[in-house]
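Below: the structure, in structure tokens.
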Amino acid sequence: MTDVRYDPKEIEPRWQKVWEDEQTWHVENGEATDRDKSYVLVMLPYPSGEPHIGHLKVYSVGDAVAHFHRRNGLRVLNPMGYDAFGLPAENHAIKTGQHPRVSTDEAIIEFRKAFREWGVSIDWSREFGTHEPRYYRWTQWIFLALYERGLAYRKEAAVKWCPNDQTVLANEQVIDGRCERCGWEVEVKQLEQWFFRITDYADRLLDDLDTIEWPEHVKTMQRNWIGRSEGAEVIFRCDELAIDYPVFTTRPDTLFGATFFVMAPEHPDVLRLAEGTEHEEEVRAYVNRALNETAEERGDVDKEKTGVPLGRTVTNPVNGEQIPMFVADYVLMEYGTGAVMAVPAHDQRDYEFAVKFGLPIQQVVAPASGEMPEGEAFVEHSADERLVNSGDFTGLSAAEGKDAIVSWLDRQGKGHQTVQYRLRDWLLSRQRYWGCPIPIVHCPACGLVPVPEEDLPVILPDVEDYAPKGRSPLAAAEDWVNVACPSCGGAAKRETDTMDTFVDSSWYFLRYCDPVNEEAAWSQDAVHEWMPVDQYIGGVEHAILHLMYARFFVKALKDLGHLEVDEPFAKLFTQGMITKDGAKMSKSRGNVVSPADIVASHGADTARCYILFIGPPDQGADWSDEGVEGVHRFLARLWRLSATAAAGEGSAGDQPETTHGFGEELVRKSHWAIEKVTNDMTGRFAFNTAIAAVMELTNTASKAFNEMGNPDPQALRFALATANSLLFPFAPHAAADGYHLLTGRRVWEEPWPAADLAYLVSDTIEVVIQVNGKVRDRVQAPADASAEDLKALAHAAPNARAHVDGREVVKEIVVPGKLVNIVVR
RNA sequence: GCCCGGGUGGCGGAAUGGUAGACGCUCGGCCCUCAAAAGGCCGUGUCCUUCGGGGCGUGUGGGUUCGAGUCCCACCCCGGGUACCA
């Protein structure tokens, strides 16, 4: 056995060549077949440099699923492409002057090479990059389809601006007041920009979460992001200026407790209201200061409340009281109407403000206990609390009061029930170069004119200078910008902003269904055949951004008649991050593990198996070089045993009709492993325990060979063929090779093995004997022993007897096939 | 603060309310070898032991149960998300 060595450097390229030459993983659309489909998709990679360890992990998971589905008789679509537009390549271009297309295409070559070396079972005929005109032509087509439906529109709004990247950002791309990409503090600017009307879909995006099998925490994150809250809009009138100010509140039941009124510093009317009052100067100063504060400074909840009176009052619509108006930075312009009714008795923020400014605190909801909390607002409002000091509504429960007050307001024309969302429309335009051009022409005569479909794609032109200057670098490409208006033929200019790259990745899974179609983005037949994605796999960092945008696109495209599905991804799996020495891998820490190095030193199978063996894939894990060695030893051992057994007695790898010596145990263990691996991969992603089961089977085979002198060569061959067959989804090259050596057949053409349950039950079983719940003995018993027999065995067991003798037996619990528990006093 | 995860040997991790620690790593001993590498075999939670066994052990404290890592209550710690959203 020492003369054959496991050599992944020889094995892996040999099988990769077979799969490539024969296009083994290619699937054809419209194949006449009775097999069900399975669309297994890993999130589109952004090609930059070389693939990192996270890519290795996610493709190891995806490929295991794809192989498992194939061998269970499904037609599997497992495509690959690249999210090729984006800022890193553009920033690189600014630094080096090299066209981002060049560095991007170089990175794509590296990625493609790595995926081939890893032996990932991809249908390469469907490959594309989102930066290719043949792809983004259809990105533009979708944009226009949405534009025509009013789902893409331009408006001036307060938008987030990253001063470093010199571009606007979507709300979702601002984390803690900082740019998601570069970490710079974002500014707010008033600009005209392009938006997608994702808010129209807020309710469907929320409700349909119930129809998809996603991790609960991802759904929760989306629910929170959408932030639906039911409440009422209530109109407070400023009589002096004769202006109505609507506010949104989730607590109309507390309306009688509104003792003042607060506006956000950004509210357009603030300065106008204060004009001519004694507070004018103070308000001006306060607003200026607030607007210059960073999001971080302003956003601190623990900060003491600040604000200034406006010197005006509004009328509380339920009781006609005149209540004073304030400007304060705890009110946000982005949410609701930018103004709130303040109910200090029942809102903690209003309470703090009222205490600081000595404003009245009027209790209108009484706790069931009768006791108001000291020094804080009382915020409960269940059916147990009653309204007090609330005019005709006094005595109602808080819940009833809510409805009654809203109905009353509605009748008076002073308010109505409404729903408010945290979700904002998706700002999609970017003042950057390396992205998909927005196919719109600005004509002085006709306004916004869509580029006609037959003129698509609008090709991204080459420019001299990629550096951002607060407007898109495309503006400098004058030959390109100046264009005849498609409508009137007059002189006009192209839109020079490009699209957020999340637009590109919001529909790529549709294009995979029909990747070379030149007539349409996809054919109805193709998307009908493959959509939805059955299993989507990727990082949890996309829980909101990509996963929300893609869902929106699919719903909008369905409404436009281009799709039949409501949701793009029926099941989602999110993998955890791989760390090294307990920390995120990064160049600055110097703790980066390169997949290329591991593949070079140990082979792709070792790398893939290790990363799956390390622990449950949805959790994070720390990389250990010693662990890699262990997995490599296991693969080497299995392969060596397979090669040795293949050269020895027996034939193929079929199960023997009769067994000899240890052979029975080998067959039994084989079926045990089939059952275990199948269960671990059905509806679960328990690859770590699946691989452990194959290790156990291999250990049993090794024992038969090394210790028992191989008493049953045919059973050994069967066990080893089974081990290779089960290992194939994780270590495809080594398993294909071992299986082929043993059987002469191709493991991927074999159906997934079926466990013969008859082998999972044995004639005798070990029964645990407990006394008072503590294990005291173990005895062998016939599998079909009766409860009475088991009790007798328990009492006969010597060590159990030692703990029972001389004491009173109170109770005996028998779990058939498992244990007997004797309870004594 | 709120919402999710998670806390099990020296380490990564296994365990439908029924033998805690599968599998792997590490470490130790032995075999093979002139020697080493590779490979093979055995041991490896902890303390006590007359070597038969016994005590203690799954973040902490309670509870349910014949029996709890697993279920319930309270709390502590770690990771992630989110946060003046009216």
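Throughout, a chain's letter reflects where its sequence line sits, starting with A, and its residues are numbered from 1. It should be emphasised that the depicted structure is a prediction, and the values quoted were computed from it without experimental measurement.
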For a quick check of understanding: with a heavy-atom distance under 4.0 Å over all strands, which category does [X] fall into, base, sugar-phosphate or nothing?
| X | value |
| --- | --- |
| A:Val815 | base |
| A:Leu332 | base |
| A:Asp622 | nothing |
| A:Gly630 | sugar-phosphate |
| A:Glu629 | nothing |
| A:Glu766 | base |
| A:Pro798 | nothing |
| A:Ser624 | nothing |
| A:Val331 | base |

Let's go through A:Arg637 and A:Asn699 carefully: what are the C-alpha distance in whole Å and the side-chain angles of both, what is the deciding distance for side-chain hydrogen bond (donor to acceptor under 3.5 Å, both in side chains) to 0.1 Å, and is it a yes or a no? CA-CA 9 Å; A:Arg637 189 147 73 127; A:Asn699 290 346; 2.2 Å; yes

Whole-angstrom distance between [N] and [M], as gauged at atom [atom1]:
| N | M | atom1 | result |
| --- | --- | --- | --- |
| B:rA14 | B:rG21 | C1' | 7 Å |
| B:rA68 | B:rC77 | C1' | 22 Å |
| B:rU58 | B:rG62 | P | 13 Å |
| B:rG18 | B:rG67 | C1' | 7 Å |
| B:rC56 | B:rU49 | C1' | 15 Å |
| B:rU26 | B:rG12 | C1' | 11 Å |
| B:rU60 | B:rG7 | C1' | 12 Å |
| B:rG61 | B:rG24 | C1' | 35 Å |

For atom [atom1] of [X] and atom [atom2] of [N], their distance in whole Å:
| X | N | atom1 | atom2 | value |
| --- | --- | --- | --- | --- |
| A:Arg251 | B:rA86 | CZ | P | 11 Å |
| A:Arg422 | B:rA86 | CZ | P | 10 Å |
| A:Arg223 | B:rC85 | CZ | P | 21 Å |
| A:Glu812 | B:rG67 | CD | C1' | 15 Å |
| A:Glu707 | B:rC32 | CD | C1' | 15 Å |
| A:Trp672 | B:rA14 | CH2 | P | 15 Å |

Using distance alone, with no hydrogens and no angle criterion, decide if [X] and [Y] have a side-chain donor and acceptor under 3.5 Å apart.
| X | Y | result |
| --- | --- | --- |
| A:Tyr286 | A:Thr306 | yes |
| A:Asn724 | A:Ser642 | yes |
| A:Glu629 | A:His602 | yes |
| A:Ser786 | A:Asp789 | yes |
| A:Ser229 | A:Tyr335 | yes |

Verify the contact: side-chain N or O of [X] to OP1 or OP2 of [N], cut-off strictly under 4.0 Å; return yes or no.
| X | N | value |
| --- | --- | --- |
| A:Ser229 | B:rA86 | yes |
| A:Asn699 | B:rG24 | yes |
| A:Asn688 | B:rA14 | yes |
| A:Lys811 | B:rC66 | yes |
| A:His803 | B:rG54 | yes |
| A:Arg640 | B:rA38 | no |
| A:Lys774 | B:rC56 | yes |
| A:Arg633 | B:rC25 | yes |
| A:Arg776 | B:rG54 | yes |
| A:Arg637 | B:rA38 | no |
| A:Arg349 | B:rC85 | yes |

Would you indicate whether the side-chain heavy atoms of A:Ile765 and A:Gln780 approach each other to under 4.5 Å? no

Under 3.5 Å for both donor-acceptor distances, Watson-Crick or wobble: does [N] have a partner, and if so which one?
| N | answer |
| --- | --- |
| B:rG67 | none |
| B:rG45 | B:rC56 |
| B:rG5 | B:rC78 |
| B:rA38 | none |

Contacts of A:Thr689 and A:Asn224 projected onto RNA chain B by closest heavy atom; the upstream (5') one is A:Asn224

5' precedence on RNA chain B between A:Val540 and A:Asn772 (nearest-nucleotide basis): A:Asn772

Please determine if A:Lys305 forms a cation-pi arrangement with A:Phe353, meaning its NZ or CZ atom is less than 6.0 Å from the six-membered ring centre and no more than 45° off the ring axis. no

Quick test of your reading of the model: are A:Arg228 and A:Asp203 salt-bridged, counting only N-O distances below 4.0 Å? yes

Syn within 90° of 0, anti beyond: B:rG9 is syn

